[in-house]
Amino acid sequence: MIVYLICYIASYFLARGEHYYLSGILLMAAALWLYIQDYRKTGNLIHLRGLFSLFWVGGQGLACLKLSHLQTDWALLTWVCLALSYAGFWAVFELLVRIYGSGQDHYGRWRSYAGNPKPVFHMICAVTIMSLACFVVEAAVLGYVPLLLRGVPHAYSEFHLTGIHYLTVSCVLVPSLTVLYFHMSRGRGSERMLFVVVLMTAVSLLIPILCVSRFQFVFAVVLAAFTYISLQKTFNPLYLLGLLVVLIPVYLILTVARSHDVAYLNGIFEMKYSKMPIFITQPYMYIANNYENFNCLVEALPEHSLGMKSLFPLWALTGLKFFFPQLINYPIYVNKKELTTLTMFYDAFYDFGWAGVLLFSCLLGLLAYLLVIKLREMRNPLGYLLYAQMAAYLMLSFFTTWFSNTTTWFYLILTGMMALYYGMNAHRR
């Protein structure tokens, strides 16, 4: 933490002196150092605090490079909040480690889970069929499939029906369930069941492609990868290169399908170098501008919502938002209307300011510690999926307000239901 604070303060003063490259590089180096420390101690490639350190602090470092004309010097309160968001998480996690211990031997000596794969097979089939049916309903009602449209950059964002779309995108959980199934069956299942599992997985990955949802496709693959890593006694990081070989081509194809070219993206984000390659502009835009939107919120918010903003999933899932629209009548403060991605701590500040950010980060640190502790002794395979989800949310902490997002809670509820189903059927033959 001392190293982080020194680097953070130095980065702040460098940014104030308009030495943006030095400011950003220093924070990115600190993020990498923090990740390596947790990895060396545990051998866990997806250690939750390590992932959060690497991507949250590293993302802020990227934003500090200021490669876009949209980016401005942040308010002092923004710097304070971003520091608190990491410090609270790290401090709570470290305090619990010192009081109760890490609760684990080296990650490489952990035992993998074994159990009855049949309930997982049922889940794969049920979730895929439900998701596909809802996709067909949406396509029929809306009258189009986003992948088949051309010249409509935002067709994908309009492809949803209230309530049903949560079920459509539940397909992202299927690849992780498939990982669990193959791990538990050890290839001993019938050829018919193996064929069905492969078919269901292919369908589940096809749905986000048809929706032209790069995020849902990447999220599904990342969840599956994290689930696989969490189950292994040892894991070669070079396998991640193979994952990129799969992800990058599909990601680029979906980018073209959404009518997003280099000129469009560089123009939207107003890159200082107008001919910046798309493979730099796109990830930079989706990471860096979220911190800019957080700064917009800090500077423009007239008053705090006192918890109402973060409770949006409750208003949505219960349907109260349709009867009491004032419950969700909170504008989003962003620097450009096309760039609406936020950060995990956006709504925490919206609710209670810097105190909300600090409290939320402490709660995340507590949750992360509990999951890391429980990973070694999972009694239900769905626990690995839960861990993978948390790992993905922390890795993508720069992207959106995960825990005040209705879809996130839908995934968590569905995971809980599947865990309950497994617990009730695990011992049946």
Can we call the ring centroids of Y35 and H47 under 6.0 Å apart? no
Side-chain heavy atoms of I36 within contact of L54, under 4.5 Å: no
Ignoring hydrogens and geometry, is there a side-chain-to-backbone donor-acceptor pair from Q71 to S68 under 3.5 Å? yes
Are any side-chain N or O atoms of N380 and backbone N or O atoms of Y422, one a donor and one an acceptor, separated by less than 3.5 Å? no
Heavy-atom neighbours of W315 CH2 exceed 12 at 6.0 Å: yes
Looking just at side-chain N and O atoms, do Y86 and S53 make a donor-acceptor pair shorter than 3.5 Å? yes
Step through the shown structure and confirm whether more than 12 heavy atoms of other residues, nucleotides or ligands are within 6.0 Å of NZ on K336. yes
Using the six-membered ring wherever Trp is involved, compare the ring planes of Y369 and F93 and label them parallel, tilted or perpendicular (cut-offs 30° and 60°). perpendicular
F410 vs T406, test: side chain to side chain contact (heavy atoms under 4.5 Å, CB included). Steps then yes/no. CA-CA 6 Å; F410 184 83; T406 310; 5.6 Å; no
Cut-off 3.5 Å, side chains only: do S404 and S310 have a donor facing an acceptor? no
More than 12 non-hydrogen atoms from neighbouring residues, nucleotides or ligands closer than 6.0 Å to CE on M417, yes or no? no
Using the ring of each side chain (for Trp, its six-membered ring), is F345 parallel, tilted or perpendicular to F360, with breaks at 30° and 60°? perpendicular
Is it true that a side-chain atom of H304 and a backbone atom of F349 form a donor plus acceptor pair closer than 3.5 Å? yes
Hey, does the side chain of Y387 reach the backbone of L375 with a donor-acceptor pair shorter than 3.5 angstrom? no
Please state whether the rings of F121 and Y181 are parallel, tilted or perpendicular, taking 30° and 60° as the class boundaries. tilted
Cut-off 3.5 Å, side chains only: do Y421 and H122 have a donor facing an acceptor? yes
Within the 4.5 Å heavy-atom criterion, are R214 and F219 side-chain neighbours or not? no
Mind checking whether Y286 and F215 have side chains closer than 4.5 Å, heavy atoms only? no
pair M344-L394: side-chain heavy atoms closer than 4.5 Å: yes
Do you know which of Y4, F294, Y393, Y291 makes ring-ring contact (aromatic ring centres under 6.0 Å, His included) with W56? Y291
Does K309 qualify as a cation-pi partner of Y350, given the criterion of NZ or CZ under 6.0 Å from the six-membered ring centre and within 45 degrees of its axis? yes
